[in-house]
Amino acid sequence: MTSPPPFYICGPTASGKSALALEMAEKLDGEIVNADAFQLYRGLEIVSAAPSAEELATLPHHLYGVLDPGEPADAQLYVRLAKPVIAEIQSRGKTPIVTGGSGLYLKFLTHGAAPLPTADAALRAEMAARSLEDLVIELESLDPVEASRTALQNRRFVSRALEICLLSGQKASDLRDGWEAQTAAISSQLRGLVIQRGRADLHSRIALRTRAMLDGGALEEVAALADVSSNCEKAIGSREIRALLAGEIDRTTCEDLINAATRQYAKRQESWFRREKWLEIKVVQDCSPFLKSGRAD
RNA sequence: GGCCCGAUAGCUCAGUCGGUAGAGCAGUGGAUUGAAAAUUCACGUGUCGGCGGUUCAAAUCCGUCUCGGGCCA
């Protein structure tokens with residue numbers, strides 16, 4: 001008997017992924033696996049809009065709240081966590097319903113990691129002290145091909161490309177080419193869907209959810225997270241709530257800022273998933289059952 | 001009632017000596033394989049509050065009206 005292939009549910013934040021995941025899990029006799037970079041963390045449930053206690057109790061959910069707020073995370077770690085969980089679910093004959101909005105994490109999971117050297121904290125610290133122009137010059141000399149297709153204004157991308165060259169002693173462009181060549185074949189084997197909603201609808205769902213978060217303990221949650229790693233601090237809402245707690249902004253401003261940041265994030269997610277042609281587009285209308293459920297994720 | 005200040009992009013505002021307007025934010029689209037809720041790129045036509053006047057030419061000067069805000073009664 002072949003094990004059931006995973007089913008992927010993607011979409012922008014607040015589009016209704018969690019609710020749809022529950023539906024699909026029942027239909028496919030599945031269990032839910034998180035694919036959200038921030039719902040991985042414990043103590044960030046409210047701000048990251050993790051599934052509610054009731055939802056978690058409905059059927060098995062995996063990889064929610066498994067990391068300490070202080071722990072770093074990246075796509076590689078995520079895959080290392082997710083692979084065994086998915087295999088274990090399949091071994092019991094159940095379908096893994098992989099649900100989340102972190103495009104890069106999902107991409108690593110579905111298409112595998114390119115054979116590139118892992119991030120090196122010491123090297124990154126060193127590069128962070130150099131000027132961008134300086135990094136660009138070195139990348140251009142070590143790997144002109146990679147330099148020509150890298151957004152040279154983007155310090156992160158330049159640093160990473162250079163990091164690959166320096167750590168591997170090879171050209172980042174060569175290492176990446178090999179991996180990219182296989183991705184098309186992989187895509188044809190995958191199945192999943194991406195939720196699509198009208199902008200106005202999504203924006204109003206975001207506003208509702210932000211309000212609910214702020215009313216539902218987000219301030220206390222963020223306050224309790226003091227002195228955690230910079231990774232966790234990147235969660236939308238964290239910085240804004242800290243400013244509110246410090247008295248730098250008022251509650252309305254805080255809410256507005258969180259809404260704007262969330263809308264921008266949702267747009268980036270849509271941009272990412274639009275490129276994943278293997279995902280079936282699921283158009284959801286305003287008065288869907290997900291909206292009635294009162295949950296916006 | 002009198003006087004003063006303001007009215008310019010969805011919002012907050014800039015606009016020199018008159019030469020038909022531009023920043024930030026918001027918004028939209030894109031990139032994106034080990035920081036990704038991150039990072040980054042591109043995109044700016046709007047009755048310059050209304051009406052009249054002066055002028056070759058008015059967001060800009062003058063008059064008047066409307067709406068805010070303030071001060072004096």
Side-chain angles (χ1 to χ4, degrees), chain A residues 10-15 17 34-41 44 46-50 71-81 100-121 123-125 127-128 132 135-136 146 149-161 163-164 167-168 172-173 175-183 186 199-200 202-203 206-207 209-210 213 218 222 229-241 252-253 256-276 297:
Chain A
C10 315
T13 188
S15 61
K17 293 187 293 294
N34 173 40
D36 182 293
F38 285 75
Q39 291 175 8
L40 244 28
Y41 287 101
L44 207 62
I46 298 169
V47 165
S48 70
E71 288 181 75
D74 59 35
Q76 186 182 38
L77 171 70
Y78 171 69
V79 172
R80 218 161 40 220
L81 293 172
S102 297
L104 183 68
Y105 284 20
L106 278 158
K107 186 78 177 187
F108 264 71
L109 183 60
T110 54
H111 292 75
L116 304 175
T118 298
D120 183 297
L123 180 55
R124 287 187 178 188
M127 288 191 292
L132 174 59
L135 298 175
V136 168
E146 187 67 7
R149 57 192 192 192
T150 298
L152 298 177
Q153 313 90 323
N154 192 327
R155 175 176 268 277
R156 290 244 176 128
F157 289 3
V158 171
S159 302
R160 175 57 184 157
E163 178 182 56
I164 292 167
L167 292 177
S168 69
S173 51
L175 297 172
R176 278 179 170 157
D177 283 344
W179 168 78
E180 269 165 28
Q182 336 166 347
T183 57
I186 294 172
R199 270 296 155 78
L202 191 61
H203 287 184
I206 286 171
R209 193 181 66 183
T210 301
M213 267 180 199
V222 169
S229 81
S230 59
N231 196 38
C232 235
E233 283 299 293
K234 288 183 310 203
I236 291 173
S238 170
R239 200 185 54 212
E240 295 83 355
I241 289 172
T252 307
T253 305
D256 290 347
L257 289 173
I258 293 174
N259 281 331
T262 308
R263 276 184 245 123
Q264 290 166 346
Y265 172 49
K267 197 158 69 65
R268 274 178 266 132
Q269 288 176 299
E270 288 183 334
S271 204
W272 180 289
F273 292 124
R274 230 173 263 149
R275 301 203 311 165
E276 298 297 320
D297 195 278

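Fair warning: this is a prediction, and the values are worked out from it, not measured in the lab. A, B, ... follow the sequence lines: proteins, then strands. Residue 1 opens every chain.
For Ala119(A), whose side chain is taken as the heavy atoms from C-beta onward, the closest listed nucleotide among A37(B), G34(B), A38(B) is G34(B). Nearest to the side-chain atoms of Asp36(A) among the listed nucleotides A37(B), A38(B), G34(B) stands A37(B). Of the candidate nucleotides A38(B), G34(B), C41(B), A38(B) has the atom nearest to the side chain of Lys234(A). Listed nucleotides A36(B), A37(B), G34(B) differ in distance to Trp272(A); the shortest reach to its side chain belongs to A36(B). Closest to the side chain of Tyr265(A), from the set C41(B), A38(B), G34(B), is A38(B).
Remark: the separation of the C1' atoms in G29(B) and G19(B) is 36 Å, to the nearest Å. Taking the P atoms as reference points, G44(B) lies 15 Å from G10(B), given to the whole Å. Across the P atoms, A57(B) and U40(B) are found 49 Å apart, a figure rounded to whole Å. A distance of about 11 Å separates the P atoms of U45(B) and A23(B), rounded to the whole Å. Taking atom C1' on both nucleotides, U16(B) is separated from C61(B) by 15 Å, rounded to a whole Å. On the C1' atoms, C56(B) is 26 Å away from G50(B), given to the nearest whole Å. U8(B) and A21(B): their C1' atoms are spaced 8 Å apart (whole Å).
Taking atom CZ on Phe108(A) and atom P on G34(B), their separation rounds to 5 Å, with Å as the unit. Atom pair Glu71(A):CD and A35(B):P shows a separation of 16 Å (rounding to whole Å applied). If you measure from atom CZ of Arg268(A) to atom P of A36(B), you get 12 Å, rounded to the nearest angstrom. Spacing between atom CG of Asn34(A) and atom P of A37(B) amounts to 11 Å, rounded to whole angstrom units. Atom CZ of Arg149(A) is separated from atom P of A31(B) by 16 Å (rounded to the nearest Å).
Each of Arg160(A) and Gln269(A) lies near RNA chain B, and the nucleotide nearest Arg160(A) is the one positioned closer to the 5' end. Judged by closest nucleotide on RNA chain B, Phe273(A) is the one of Ile236(A) and Phe273(A) placed further toward the 5' end.
Nucleic acid contact for Ser102(A): sugar-phosphate only, since backbone atoms but no base atoms lie under 4.0 Å from a heavy atom of the residue. Contacts of Val47(A) with the nucleic acid, taken as non-hydrogen atoms under 4.0 Å apart, include base atoms. Counting any heavy atom pair closer than 4.0 Å across all strands shown, Phe157(A) reaches a base atom. Residue Gly112(A) is classed as a base contact, given a heavy-atom separation below 4.0 Å to a base. Backbone-only engagement by Ala37(A) is indicated by non-hydrogen atom pairs under 4.0 Å involving sugar-phosphate atoms exclusively.
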### Message
One pair to check against side-chain contact (heavy atoms from CB on, under 4.5 Å): Ile241(A) and Ile258(A). What are the steps and the verdict?
### Response
CA-CA 9 Å; Ile241(A) 289 172; Ile258(A) 293 174; 4.1 Å; yes

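If you take CG on Leu109(A) and CZ on Arg80(A), they are separated by 13.5 Å, rounding to the nearest 0.5 Å.
A salt bridge does not link Asp74(A) to Arg160(A): none of the charged nitrogens lies less than 4.0 Å from a carboxylate oxygen. One finds no salt bridge joining Glu233(A) and Arg239(A) here, because no Lys/Arg side-chain nitrogen approaches an Asp/Glu carboxylate oxygen to under 4.0 Å. Under the 4.0 Å criterion applied to side-chain N and carboxylate O atoms, Glu270(A) and Arg199(A) are assigned as salt-bridge partners.
Nucleotide G34(B) carries a syn base; the chi torsion (O4'-C1'-N9-C4 or O4'-C1'-N1-C2) is within 90° of 0.
Where pairing requires Watson-Crick or G-U contacts shorter than 3.5 Å, the helical stems of RNA chain B with at least three consecutive pairs are B:1-7 with B:66-72, B:10-13 with B:22-25, B:27-31 with B:39-43, B:49-53 with B:61-65.
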Considering only nitrogen or oxygen atoms on both sides, find all protein atoms under 3.5 Å from nucleotides 25-29 of chain B and state each distance.
residue: A26(B); atom: OP1; partner: Gln264(A); partner atom: NE2; Å: 3.1
residue: A26(B); atom: O3'; partner: Arg263(A); partner atom: NH1; Å: 3.1
residue: G27(B); atom: OP1; partner: Arg263(A); partner atom: NH1; Å: 2.5
residue: G27(B); atom: OP2; partner: Gln264(A); partner atom: NE2; Å: 2.9
residue: U28(B); atom: OP1; partner: Arg199(A); partner atom: NH1; Å: 2.6
residue: U28(B); atom: O5'; partner: Arg199(A); partner atom: NH1; Å: 3.4
residue: G29(B); atom: OP2; partner: Arg199(A); partner atom: NH1; Å: 2.8
residue: G29(B); atom: OP2; partner: Arg199(A); partner atom: NH2; Å: 3.0
residue: G29(B); atom: N7; partner: Lys267(A); partner atom: NZ; Å: 3.0

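Tyr78(A) has no side-chain polar atom (N or O) that falls below the 4.0 Å cut-off from OP1 or OP2 of G34(B). For the OP1/OP2 pair of A31(B) and a distance below 4.0 Å, the side-chain nitrogens and oxygens of Arg156(A) include no atom meeting the criterion. Side-chain nitrogen and oxygen atoms of Asn154(A) include none within less than 4.0 Å of the OP1 or OP2 phosphate oxygen of A38(B).
On a pure distance criterion of 3.5 Å, a polar donor-acceptor pair joins the side chain of Arg124(A) and the base of A35(B).
In this structure the side chain of Met127(A) never reaches within 4.5 angstrom of the side chain of Arg155(A), judged on heavy atoms.
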